[in-house]
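Report on the structure given below.
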Amino acid sequence: MSGITLNRRQIMLTAVSAAAGLILPTGGMALAQAASSTPSMAQGGNAGGNVGYYRLSIGDISATVLSDGLIGGPPRVYASNAPEAELEEVLRQAFLPTDHLTLNLNTLLIETNGRRILLEAGAGQTMGPQGGRIFDNLAAIGLRPEDIDVVVVSHTHPDHVGNLRMANGGKAFPRATVFAPRADWDFFIRNDPDLSYMPVPEDFRRHFAAAIKRSVEPVTNGIELYEAGAEIVPGLTTLPALGHTPGMANFLVHSGNDQLLLTADLAYHPIVNIDHSWLPGPDRDKDTALASRRRIFDMAAADRLPVLGFHFPFPGLGRMLKTDTGYAWVPANWQF
């Protein structure tokens with residue numbers, strides 16, 4: 001993949017450009033009632049004036065990382081088995097707050113064979129007020145929601161499907177065909193899911209489940225359900241990454257000899273789930289999720305694949321390095 005080079009001196013201390021400000025407070029995890037497509041920032045920027053899109057190429061495929069903003073919560077949620085004192089020290093050493101962890105929302109737009117395909121819809125306002133920026137960032141690159149032909153989500157958690165619904169209940173991407181994993185649809189949409197495994201208050205779980213169903217209401221008719229492993233379109237293959245949810249997939253974008261691996265929620269933040277191998281609390285089946293994480297991280301390291309982490313510090317690009325004790329995240333240098 002062109003446009004990505006690496007700085008290996010950054011292996012163990014990932015730069016976290018979004019860590020200052022714009023972090024949901026520990027007590028601020030309540031979900032909003034509906035996603036909103038109302039622009040909140042002009043020209044794809046944020047309050048500091050920085051852009052929220054990043055262009056790259058994967059062979060003949062044009063791609064753009066589009067930020068949907070930020071979410072966050074207590075670090076313990078994302079590193080469920082970490083010793084408390086060690087977790088706090090690791091965060092301090094990485095110059096991060098010890099009481100909350102910022103997570104980015106990095107969607108990817110690919111343009112191939114005359115179609116625009118969005119990988120992950122983003123959160124909108126379903127998980128806090130700092131989401132929903134994807135529409136501004138689309139506008140910043142000269143596109144409208146109706147220019148999107150296909151939306152593919154890796155799983156149906158609110159931060160991946162929230163932007164499918166406008167505040168008025170309509171389809172946010174009115175022309176797009178939406179693809180979602182069948183097993184997730186069965187678990188979260190067609191049933192009342194048991195979310196007791198999630199290490200969050202019961203009230204949060206109820207809002208979480210409701211936000212999923214509310215977000216996908218506009219696309220229920222016409223939804224395309226896929227099994228992980230399917231090729232959605234030429235150049236976009238899904239990979240089974242089960243455990244976080246019943247049907248979660250990873251994405252492999254490929255053209256010629258170039259590839260980009262999108263790891264969805266295999267890891268939330270490189271500091272706590274890669275450089276340190278603590279287990280994400282929201283994983284429904286932690287053993288299966290751990291096996292998926294190791295299998296895909298091993299593949300990424302062995303094949304030296306460029307990787308895009310959905311929740312990693314923007315733009316979320318880098319590579320996985322195998323170490324004696326596990327893995328290390330090597331961020332990509334910014335390309336102008």
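It should be emphasised that the depicted structure is a prediction, and the values quoted were computed from it without experimental measurement. Positions are given from 1, in the same order as the sequence printed here.
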Cluster overlap Leu261 with Leu242, hydrophobic side-chain contacts below 4.5 Å
no
Transitively linked via ILVMFWY side-chain contacts under 4.5 Å: Leu164 with Phe187?
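Same cluster: Leu164 reaches Phe187 through Ile, Leu, Val, Met, Phe, Trp or Tyr contacts under 4.5 Å.
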Over all atoms of both residues, closest heavy-atom pair of [X] and [Y]:
{"X": "Asn250", "Y": "Ala241", "result": "ND2-CB, 3.5 Å"}
{"X": "Arg295", "Y": "Pro240", "result": "NH2-O, 2.8 Å"}
{"X": "Val65", "Y": "Pro315", "result": "CG1-O, 3.6 Å"}
{"X": "Ser255", "Y": "Ile58", "result": "CB-O, 3.2 Å"}
{"X": "Ala79", "Y": "Val272", "result": "CB-CB, 4.1 Å"}
{"X": "Asn273", "Y": "Ala267", "result": "CB-CB, 3.6 Å"}

Between Thr245 and Asp184, do the side chains contain an N or O donor and an N or O acceptor separated by less than 3.5 Å?
yes
How about Ser154 and Glu120: does a side-chain donor come under 3.5 Å of a side-chain acceptor?
yes
Could you walk me through whether Leu96 and Arg92 pass the side chain to side chain contact (heavy atoms under 4.5 Å, CB included) check?
CA-CA 6 Å; Leu96 295 173; Arg92 277 194 294 267; over 6 Å; no
Okay, side chain of [X], backbone of [Y]: is any donor-acceptor separation there less than 3.5 Å?
{"X": "Asn168", "Y": "Gly170", "value": "yes"}
{"X": "Arg319", "Y": "Val330", "value": "no"}
{"X": "His276", "Y": "Trp278", "value": "no"}

Under 4.5 Å between any side-chain heavy atoms of [X] and [Y], yes or no?
{"X": "Pro313", "Y": "Pro270", "answer": "yes"}
{"X": "Ile189", "Y": "Val216", "answer": "yes"}
{"X": "Ile148", "Y": "Leu138", "answer": "yes"}
{"X": "Tyr54", "Y": "Gln335", "answer": "yes"}
{"X": "Leu262", "Y": "Val253", "answer": "yes"}
{"X": "Leu236", "Y": "Ile117", "answer": "yes"}
{"X": "Pro280", "Y": "Tyr78", "answer": "no"}
{"X": "Leu252", "Y": "Thr238", "answer": "no"}

Applied to residues 309-318, the side chain to side chain donor-acceptor pair (under 3.5 Å) test, sequence neighbours excluded, yields Asp159-His311, Asp265-His311
Starting from Leu290 and following side-chain heavy-atom contacts under 4.5 Å between hydrophobic residues (I, L, V, M, F, W, Y), which residues can be reached?
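Members alongside Leu290: Leu279.
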Scan for ring pair (Phe, Tyr, Trp, His ring centres under 6.0 Å) pairs involving residues 283-309, sequence neighbours excluded, and state none if there are none.
Phe297-Tyr327
Could you give all pairs that pass the ring pair (Phe, Tyr, Trp, His ring centres under 6.0 Å) test and reach residues 215-260, with sequence neighbours left out?
His155-His244, His157-His244, His244-Tyr268
[X] [atom1] to [Y] [atom2] distance, which is reported to the nearest 0.5 Å:
{"X": "Leu108", "Y": "Leu308", "atom1": "CG", "atom2": "CG", "answer": "6.0 Å"}
{"X": "Gln130", "Y": "Gln125", "atom1": "CD", "atom2": "CD", "answer": "8.5 Å"}
{"X": "Asp285", "Y": "Met248", "atom1": "CG", "atom2": "CE", "answer": "12.0 Å"}
{"X": "His160", "Y": "Thr107", "atom1": "NE2", "atom2": "OG1", "answer": "11.0 Å"}
{"X": "Thr64", "Y": "Glu111", "atom1": "OG1", "atom2": "CD", "answer": "6.0 Å"}
{"X": "Ile71", "Y": "Leu105", "atom1": "CD1", "atom2": "CG", "answer": "5.0 Å"}

Using salt bridge (Lys or Arg N to Asp or Glu O under 4.0 Å), reason through Arg133 and Asp136 one step at a time and then give a plain yes or no.
CA-CA 5 Å; Arg133 299 182 183 179; Asp136 290 331; over 6 Å; no
With sequence neighbours excluded, residues passing salt bridge (charged side-chain N to carboxylate O under 4.0 Å, His left out) with [X]:
{"X": "Asp186", "answer": "Arg190"}
{"X": "Asp298", "answer": "Lys322"}
{"X": "Arg76", "answer": "Glu84"}

So, do Trp329 and Phe312 have ring centers that fall under 6.0 Å from each other?
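Under 6.0 Å, so yes.
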I'd like to check the side chain to side chain contact (heavy atoms under 4.5 Å, CB included) partners of [X]; sequence neighbours left out, ordered by chain and number.
{"X": "Arg205", "result": "Leu195, Ser196, Met198, Val200, Glu202"}
{"X": "Ala289", "result": "Asp283, Arg293"}
{"X": "Pro218", "result": "Arg165, Lys171"}

Within 45° cone and under 6.0 Å: Arg116 NZ/CZ vs Phe173 ring
no
Is the number of heavy atoms from other residues, nucleotides or ligands under 6.0 Å of [X] [atom1] greater than 12?
{"X": "Asn81", "atom1": "CG", "answer": "yes"}
{"X": "Asp192", "atom1": "CG", "answer": "no"}
{"X": "Arg294", "atom1": "CZ", "answer": "no"}

Just jot down the side-chain hydrogen bond (donor to acceptor under 3.5 Å, both in side chains) partners of Lys286, sequence neighbours excluded, or say none.
none
Could you give me the CA-CA distance, side-chain angles and deciding distance for Leu239 and Met299, then say whether side chain to side chain contact (heavy atoms under 4.5 Å, CB included) is met?
CA-CA 12 Å; Leu239 305 175; Met299 177 187 73; 3.9 Å; yes
Given Leu266 and Ile296, is the side chain to side chain contact (heavy atoms under 4.5 Å, CB included) satisfied, shown in steps?
CA-CA 9 Å; Leu266 279 184; Ile296 291 176; 3.8 Å; yes
Contacts under 3.5 angstrom, residues 174-181 side chains, donor-acceptor by atom type, not counting sequence neighbours:
unit_1	atom_1	unit_2	atom_2	d
Arg175	NH1	Glu146	O	2.8
Arg175	NH1	Asp149	OD1	3.3
Arg175	NH2	Asp149	OD1	3.1

